[in-house]
Amino acid sequence: MTSALLPNYARAPLAFVRGEGAWLVAEDGERYLDFGAGVAVNALGHAHPHLVAALTEQAGKVWHVSNLYQIPEGERLGRRFVEATFAEVAFFCNSGAEANEAAIKVARKYHAAGGHPERYRIVTFEGAFHGRTLATLAAGGQQKYIVGFGPKVDGFDQVPTGDFEALEAAIGPETAALMIEPIQGEGGVRVIPPADLRRLRETCDRHGLLLIMDEVQTGIGRTGKLFAHEWSGIAPDILSAAKGIGGGFPLGACLCTREAARGMIAGSHGSTFGGNPLAMAVGNAVLDVILSDGFLEHVAQTGLRLKQKLAALRDRHPRVIEDVRGEGLMIGLKLAVPNTEFAVSAREAHLLVIPAGDNVVRLIPPLIVTESDVDEAVRRLDAAAAGFEALRGAAE
Ligand SMILES: *Cc1c(COP(=O)(O)O)cnc(C)c1O
């Protein structure tokens, strides 16, 4: 039977009925090791007891009240982000693209409030992904996503990563901000060197620009810090978060300094669903775990183990795996075979991984994965890679 859904996704012929930790169970009872985590969303895995309890407890009280009223759970979540980061204020929404839309609006309004409404342009970087709304698509700059959807939203100038000459040339009297992912996720787990992030901070300061970090994928503990930019020692003015922040509940956030947010007053931005009590209860429960003693160290250590084992795997299968890159539990395998085919082979070995740009597959498991989950994932990747070696051998 043909699907009644818009055919905008290429879905695998597989449906899951339940999950537990890093494992998903399909309709036929088969178990899959989930190293995709719903694209870095299920930060605490599936059916985490603390999240289930927080969601069901709040569901029995009040789900939604609108932002016409006080939302104590949101005040608390905002306070916790302020205490844990560079930020002084938080705005909650429902997705990564919305968090970036908020970030872009905050940056533009900052300059307007300072008497420079002509400063609205934002410099972004090649290989970026910032979301699927019309403005965030223009920010990401990928032609294949932009063509056919009418005029591209104005106000975004793109330069290659690491090219500071091109960056200086792109900055003009209309530039408001730079926007960058500290590790490009969809672009293929391309790490921006910490020294480059520091240089971007310096460039912003020199030109009076705001620095926006898109940490939708890298944030909420993914790299072993609460936010990935912390590895570089610098702080942005504005940060967007989503994906892992709700552990699977739709939630996004835009975190800012008070100075960056100086243009935002009552009525200047909003969201009907954003920051509702249900979302805020879950967001607080996610932070309970992520900020608990030793959790981020666990992510860093497990990530290191994964990366080391994958380096050995690359040495064993150099004709399949070209490179291992990333930080913490955000690892990319740059492949010498087609990444989508490799992802299918991994799935046949009951391991879920996620293709990305630059012929990479991403390993972005729940942050609660154990050492034995990691070892099992590497065994299954070994099996998938060996399958390709056999094919290659036969062809030669
Ligand atoms: C996924 C992603 C987005 C978009 O998030 P949505 O929730 O799909 O809108 C934006 N930026 C980055 C870096 C992402 O990885």
Side-chain angles (χ1 to χ4, degrees), residues 6 8-9 36-43 91-107 122-142 144-146 149 153 156 158 161 177-192 197 200 211-223 225-229 236 238-255 271 273-275 279 282-283 286 326-332 353-358 360-365 367:
L6 193 75
N8 59 321
Y9 299 111
V39 197
V41 165
N42 301 99
F91 167 77
F92 293 110
C93 51
N94 315 286
S95 69
E98 280 178 276
N100 282 331
E101 288 273 344
I104 292 162
K105 288 178 73 175
V106 167
I122 296 180
V123 179
T124 62
F125 294 85
E126 286 176 12
F129 181 79
H130 296 301
R132 300 284 203 143
T133 61
L134 291 168
T136 56
L137 280 181
Q142 287 239 29
K144 65 174 175 181
Y145 295 144
I146 290 172
F149 294 107
V153 171
F156 298 94
Q158 204 159 45
T161 55
L178 310 186
M179 177 149 112
I180 191 161
E181 299 155 82
I183 302 175
Q184 291 185 339
E186 306 298 314
V189 191
R190 294 170 49 193
V191 180
I192 308 298
L197 291 182
L200 290 177
L211 180 58
I212 304 171
M213 289 279 175
D214 179 347
E215 293 236 29
V216 168
Q217 192 158 153
T218 52
I220 317 297
R222 176 61 48 193
T223 68
K225 296 271 190 197
L226 183 56
F227 289 108
H229 71 265
I238 304 171
L239 178 148
S240 51
K243 293 207 161 88
I245 195 174
F249 195 94
L251 176 60
C254 177
L255 309 179
S271 162
F273 291 123
V282 177
V286 170
E327 203 61 69
L329 287 171
M330 182 170 179
I331 302 293
V353 300
I354 311 229
D358 199 26
V360 161
V361 292
R362 272 173 289 176
L363 306 177
I364 38 179
L367 306 181

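Residues take their numbers from the sequence shown, with the count starting at 1. Note that the coordinates shown come from a computational prediction; the quantities given were computed from them, not determined experimentally. As the structure lists them, so they are numbered: ligands from 1, and atoms in each ligand from 1.
Remark: the backbone N or O of Arg190 is not paired with any side-chain donor or acceptor of Glu181 at under 3.5 angstrom. No donor-acceptor pair under 3.5 Å is formed between the side chain of Glu186 and the backbone N or O of Ala356. Here the side chain of Thr124 pairs a donor or acceptor atom with the backbone of Ala139 at under 3.5 angstrom. Remark: side-chain polar atoms of Gln217 are not paired, donor with acceptor, to backbone N or O of Ala40 under 3.5 angstrom.
The protein residues lying under 4.0 angstrom from ligand 1, judged by non-hydrogen atoms, are Ser95, Gly96, Ala97, Asn100, Phe129, His130, Gly131, Glu181, Asp214, Val216, Gln217, Lys243.
For Ala97, the side-chain contact (heavy atoms from CB on, under 4.5 Å) criterion is met by Ser95, Thr133, Thr136, not counting sequence neighbours.
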Verdict with reasoning, Phe129 to Val216, per side chain to side chain contact (heavy atoms under 4.5 Å, CB included): CA-CA 10 Å; Phe129 181 79; Val216 168; over 6 Å; no
